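Input: a single structure, listed below in structure tokens.
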Protein chains: 2
Amino acid sequence: MVPYKDMDDDAVFRALADASRRQMLDRLHARNGQTLGELCQGLAMTRQAVAKHVAILEEANLVSSERQGREKLHFINPVPINAIAQRWISKFERQHLNALADLKETLEGKGRN
Amino acid sequence: MVPYKDMDDDAVFRALADASRRQMLDRLHARNGQTLGELCQGLAMTRQAVAKHVAILEEANLVSSERQGREKLHFINPVPINAIAQRWISKFERQHLNALADLKETLEGKGRN
DNA sequence: TTGACATGCAACCATTTGGTTGCCTATAAA
DNA sequence: TTTATAGGCAACCAAATGGTTGCATGTCAA
């Protein structure tokens with residue numbers, strides 16, 4: 001509803017704070033549309049614990065899901081991560097920004113030669 | 001000691017999970033080298049609570065500090081945030097990467113004209 | 001229809017987290 | 001040498017977090 005505010009950031013940052021949840025995002029990134037059962041594999045915890053993590057990822061809008069028959073498919077949503085990277089992290093990222101600026105300047109300089 | 005591993009990521013992500021700590025980083029970004037007392041101003045919590053947050057930021061290597069007389073000056077360290085942005089978030093950031101690649105290609109194309 | 005499978009829901013538990021208060025130490029200033 | 005200021009340390013507390021177990025529900029297949 002409300003456009004991106006700091007509260008949304010908070011949910012995303014907190015969702016990303018747990019290594020198991022980051023691993024789930026990794027695995028969804030490797031193969032999108034996995035079921036809850038598939039996400040459970042390789043994680044040393046019960047299915048219910050995984051379901052809770054997934055719920056937190058969904059609340060942060062990092063994962064969306066779709067019920068298909070008796071299965072629930074999960075899809076990663078890169079938008080909130082993008083938003084954080086662009087609006088928050090890039091503030092602290094002088095090196096990257098400067099490197100990009102330098103690259104642009106260098107190449108534009110070449111263009112004018 | 002050990003180069004950047006996932007355990008380091010974990011400390012950084014968890015340090016970033018708290019809104020008060022992100023605010024402290026914001027404020028250090030706005031003006032570097034603040035004392036503990038200065039960092040306390042405007043935060044609705046005791047100095048001791050702020051000191052704990054600072055300790056967490058220091059353990060995550062996001063902030064370094066230097067004792068100067070009876071004051072302790074705090075400095076933001078952008079390296080871990082850079083590292084996360086580049087190694088972890090950019091994986092999910094197709095748009096940004098593509099935009100950067102496009103820019104590079106465009107400008108290099110100009111250079112060859 | 002009956003059984004197996006995928007998921008949901010709720011109660012419960014231990015540990016971590018974010019905060020407090022109280023007191024101590026060190027340095028600067030009067 | 002007092003006194004005020006900046007910070008450190010430790011005990012304590014409530015709430016959030018990450019996990020469990022037990023059971024219920026919905027759907028596919030034999």
Side-chain angles (χ1 to χ4, degrees), chain A residues 6-28 31-76 80, chain B residues 6-28 31-76 80:
Chain A
D6 218 42
M7 255 189 60
D8 299 315
D9 269 9
D10 197 61
V12 175
F13 272 115
R14 282 166 53 174
L16 293 178
D18 186 273
S20 301
R21 290 194 288 267
R22 292 197 302 277
Q23 189 180 338
M24 291 179 198
L25 289 180
D26 273 338
R27 294 170 65 175
L28 283 180
R31 187 166 63 83
N32 215 5
Q34 295 189 56
T35 67
L36 180 60
E38 288 171 325
L39 285 175
C40 287
Q41 290 168 11
L43 288 176
M45 66 184 75
T46 61
R47 173 182 55 81
Q48 286 85 346
V50 174
K52 281 190 183 182
H53 283 303
V54 166
I56 290 172
L57 290 171
E58 290 187 346
E59 277 170 27
N61 202 30
L62 285 163
V63 161
S64 63
S65 63
E66 183 184 330
R67 196 69 191 256
Q68 198 134 32
R70 65 178 166 182
E71 294 183 335
K72 187 187 171 200
L73 305 180
H74 298 84
F75 303 89
I76 193 172
Chain B
D6 218 43
M7 255 190 59
D8 299 315
D9 269 9
D10 197 61
V12 175
F13 273 115
R14 282 165 54 171
L16 293 178
D18 186 272
S20 301
R21 291 195 288 268
R22 291 197 304 277
Q23 189 180 338
M24 291 179 200
L25 289 179
D26 273 337
R27 294 170 67 174
L28 283 181
R31 186 165 63 83
N32 215 4
Q34 295 189 57
T35 68
L36 180 60
E38 287 171 327
L39 285 175
C40 286
Q41 290 169 10
L43 289 177
M45 65 183 75
T46 62
R47 173 181 56 80
Q48 286 85 346
V50 173
K52 282 191 183 181
H53 283 303
V54 166
I56 290 171
L57 290 171
E58 290 187 347
E59 278 170 26
N61 202 30
L62 284 164
V63 162
S64 63
S65 63
E66 183 183 330
R67 196 67 191 258
Q68 198 136 31
R70 67 176 164 182
E71 292 183 334
K72 188 188 171 201
L73 305 181
H74 297 85
F75 303 89
I76 193 172

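Note that the structure is a prediction, hence the values are computed from the model and not measured. The sequence lines fix the lettering, A, B, ..., with proteins before strands; numbering per chain opens at 1.
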In whole Å, what is the span from the [atom1] atom of [X] to the [atom2] atom of [N]?
{"X": "B/Leu36", "N": "C/dT27", "atom1": "CG", "atom2": "P", "value": "16 Å"}
{"X": "A/Gln41", "N": "C/dT7", "atom1": "CD", "atom2": "P", "value": "11 Å"}
{"X": "A/Arg47", "N": "C/dG8", "atom1": "CZ", "atom2": "C1'", "value": "8 Å"}
{"X": "B/Arg14", "N": "C/dT15", "atom1": "CZ", "atom2": "C1'", "value": "11 Å"}
{"X": "B/Arg22", "N": "C/dG18", "atom1": "CZ", "atom2": "C1'", "value": "15 Å"}
{"X": "A/Glu38", "N": "C/dC5", "atom1": "CD", "atom2": "P", "value": "16 Å"}
{"X": "A/Lys72", "N": "C/dT7", "atom1": "NZ", "atom2": "C1'", "value": "9 Å"}
{"X": "A/Leu39", "N": "C/dT7", "atom1": "CG", "atom2": "P", "value": "9 Å"}

Lys/Arg N to Asp/Glu carboxylate O, A/Arg14 vs A/Asp10, below 4.0 Å: yes
Is B/Arg27 paired with B/Glu38 through a side-chain N to carboxylate O contact shorter than 4.0 Å? no
Indicate whether OP1 or OP2 belonging to C/dG18 is found under 4.0 Å from a side-chain N or O atom of B/Arg21. yes
Comparing B/Ala51 with A/Val50, nearest DNA chain D nucleotide closer to 5' gives the residue B/Ala51
Taking the nucleotide of DNA chain D with the nearest heavy atom to each, does A/Ser20 or A/Arg67 sit closer to the 5' end? A/Ser20
Taking the nucleotide of DNA chain C with the closest heavy atom to each, which residue, A/His74 or A/Lys52, is nearer the 5' end? A/His74
From CA spacing to verdict: side chain to side chain donor-acceptor pair (under 3.5 Å), A/Glu58, A/Ser65: CA-CA 8 Å; A/Glu58 290 187 346; A/Ser65 63; 2.8 Å; yes
List in chain and number order the residues that pass side chain to side chain contact (heavy atoms under 4.5 Å, CB included) with B/Ile76, two or more places apart in sequence or in another chain; answer none if no residue qualifies. A/Phe92, B/Leu25, B/Leu28, B/His29, B/Asn32
Given C/dG18, C/dA29, C/dT7, which nucleotide is nearest the side-chain atoms of B/Asp18? C/dG18
How many angstroms lie between CD in A/Gln34 and CD in A/Gln41, if you round to the nearest 0.5 Å? 8.0 Å
Any B/Gln68 side-chain heavy atom under 4.5 Å of B/Glu66 side chain: yes
Spell out, as yes or no, whether a donor-acceptor pair under 3.5 Å connects the side chain of B/Arg22 to the backbone of B/Leu16. yes
Covered region of DNA chain D, 5' end to 3' end, by chain A [heavy atoms, under 4.0 Å]: D/dT17 to D/dC28
